[in-house]
Every structure is written in structure tokens, then in C-alpha cells.
Amino acid sequence: MDGTEFYMGDIISAKQYDREKIEYLIDLANKIETNKEEYKTFLQGKVMAALFFEPSTRTRLSFESAFAYLGGKIIGFSSAGTTSVKKGETLADTIRTIANYADIIVIRHPKEGAAKLAQQFSNVPIINAGNGSQEHPTQGLLDCLAIHSLKGTLDGLNVGLIGDLKYGRTVHSLAYLLSNFKINLYFISPEQLKMQHRVKDALTLKKTPFKETKHFKETLPLLDVIYMTRIQKERFADLEEYDKVKNAFILGSEELKVVKSDAIILHPLPRVNEISPKIDKDPRAKYFEQTYYGLMMRKALIASILSKEI
Ligand code: NCD
């Protein structure tokens, strides 16, 4: 396969994606899903390095699973504690080295500038799997695939992003991506955790309507997509501040009564207590199904990047 039409380069920010690219990736994810056999050896001989300097379950394992299902091999670490970072090695030197051992690097790091820095020092493609509280573009893309698959469209929806909109990186990337569609956004958060200005400024430029509110229960009946998030405890400098907001919004059986019958409930996971396990069996609860879209989208992203070299 020539594949040059697939090539998308590094994935650093969700701002790289316009409507056409998002739709292309959704189509490719579905195409790979329906032709699994054909793609089984797609990445034969390729190696992915997964460098996780922060905890992860779904992101790391779905990247690894995606790469393995496409026939490639995986190296990496899930904690910097066992690497030379512990001896004082810089991120630049770590990246320069690993770029010699892999065809693609997936990196999650607590520093906002990490993915960009890795890009500067790598001669293989870099995928940002979360840079501090700034962005998580591949999660946003899998969320778009989930919404598209479950609602049949990304247009004409009222989407509520709920919880920690300040430190939650997934909602930043998702908001950037959804601004390519005809969508109404509702940002529901405590005062201290309002959506970051850089995201709101980007939405204003794109003329994407958004409304900020503290009123969770009153807004719920309007929503087609309810995107819950965890309050990001690890980003708080003062744990007393965390305690004040940790139970700000909880979606349980009572709250569900006012939710539209065809709405969908998403969450990037892990959840702490913002969604009661009591509603897990409700047909609107799609957060575990959502994790499967992670595998599908990550296969599409990896294939689109590496097919140039195949
Ligand atoms: C999120 C993350 O790491 O940003 N999880 C994920 O990748 N699915 C959300 C979170 O940690 O709350």
C-alpha cells in the first residue's frame, strides 16, 4: 500500500484535526474493525515504544493492544522509576535514545511541554498520550468515535463536559475536536475548576457556542451527551482545595431521572465517585463500551501514521 494519503505525522494537540481528518479517522477505525484479518500483519516488523511517566490503564494498554493486533511489537515502561530518569537523565536524552529502538513513540508525561520537546529530539513519530493537564488528543479522538458510533452523528448535539474542566486534559482535547462540528457545549464545573481560557478562546474563534454553569441537575435534561470527569486530585497544590470540590457532581439514579431517554453517558475513566456504580446497567451508561472505541481509534491512528513507511 502506498498510504501517503493516510499520513498524519506526530500527534501533539487535538488542534491539529479538522472535520475532514476526524471523519477520515472514524472511517478508518471502522474499516479496520470490519477487516481485522486483513490488518493482522499490517505492522509486521514495526516496534512501538510506550513511555509512561504517569499512571495509566486504558491509554497504555489500548495503545499496546492496538499495536499487537496490527502485528507489531512493543517496548516501554509504565513508571519512570525503573529507568535512567531516576539517575537524572533528561527527557531529551531519553527520547534521543529510544528513537533508535522504535518506529513510533507514545509518551505520557506530567509536564505540559513534554510531547513538544519529545518531538524536537525524535526522528520517529511522537504521540502525545497526555501532557500534564493540557491535552490528551487521542482520548478526544476516541471520544469522537464513541459519540459518532452511539449517536450516529457529531452534529446537532448538546454536549455537557462535567467536572474538572481546569485540570482535566481530556475535556480540553475533546472541546477542540468538537469545535469542528455544529455542536452546543455546556461546561458544568465548580467555580474553581472552570474551563481553561485558552480552550474558550479557541472555541470563540471557531464560533462554537458554549455555556458555563455550576448548575449540574438543571442542565442535565438538555444534554444528548453527558461527559463526566474525575476531579484531578494529583494536580491540586492544596489538598484542602481538592476536598472542597471532590464530590461536586455525582451522577446517580436520582439524577438520571431527568436525563433524556436517548442520551449517552461517557467518562474517560478512571472514575472515583462521580458516577454511581448503581447506574452502570442503565442502557445510557456507555463508559465501558467507550474503552473499546479506544482500541479502534488507536489502531486507526497508528495505521495512519506508520502506513507512510510501509
Ligand atoms: C484520563 C487521563 O489520564 O487524562 N484517563 C484516560 O486517559 N482515559 C482521565 C483521568 O485520569 O481522569
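Both counts, for ligands and for their atoms, begin at 1 and track the order of listing.
- Here atom 10 (C) of ligand 1 lies nearest to R230 when heavy atoms of H267, H172, R230 are compared.
- For F236 and Y167, the ring centers sit closer than 6.0 Å to each other.
- Within the 4.0 Å heavy-atom criterion, neither part of E54 lies near ligand 1.
- Under the 6.0 Å cut-off for aromatic ring centres, Y287 and H267 do not qualify, their centroids lying 6.0 Å or more apart.
- Interface of P270 with ligand 1, defined as ligand atoms under 4.0 Å from a residue heavy atom, comprises 10 (C), 11 (O).
- Between R108 and ligand 1, at least one N/O pair is under 3.5 Å apart.
- The closest side-chain donor-acceptor pair between R298 and S62 falls under 3.5 angstrom.
- What sits closest to atom 3 (O) of ligand 1 on the protein, heavy atoms only, is R169 NH2, 3.0 Å.
- Q134 and N131 share a side-chain donor-acceptor pair at under 3.5 Å.
- Between the side chains of N180 and K206, a donor-acceptor pair is found at a separation under 3.5 Å.
- Around atom 9 (C) of ligand 1, the closest heavy atom drawn from V171, T229, T59, L269 belongs to L269.
- When only non-hydrogen protein atoms are considered, atom 8 (N) of ligand 1 lies nearest to P268 O, 2.9 Å.
- In plain terms, the two heavy atoms of F77 and T82 that are nearest each other are CB-OG1, 4.5 Å.
- The shell of residues lying under 4.0 angstrom from ligand 1, judged by heavy atoms, excludes P55.
- For Y17 and Y176, the ring centers sit 6.0 Å or farther from each other.
- Inclusion of R58 in the set of residues having an N or O under 3.5 Å from an N or O of ligand 1 is not warranted.
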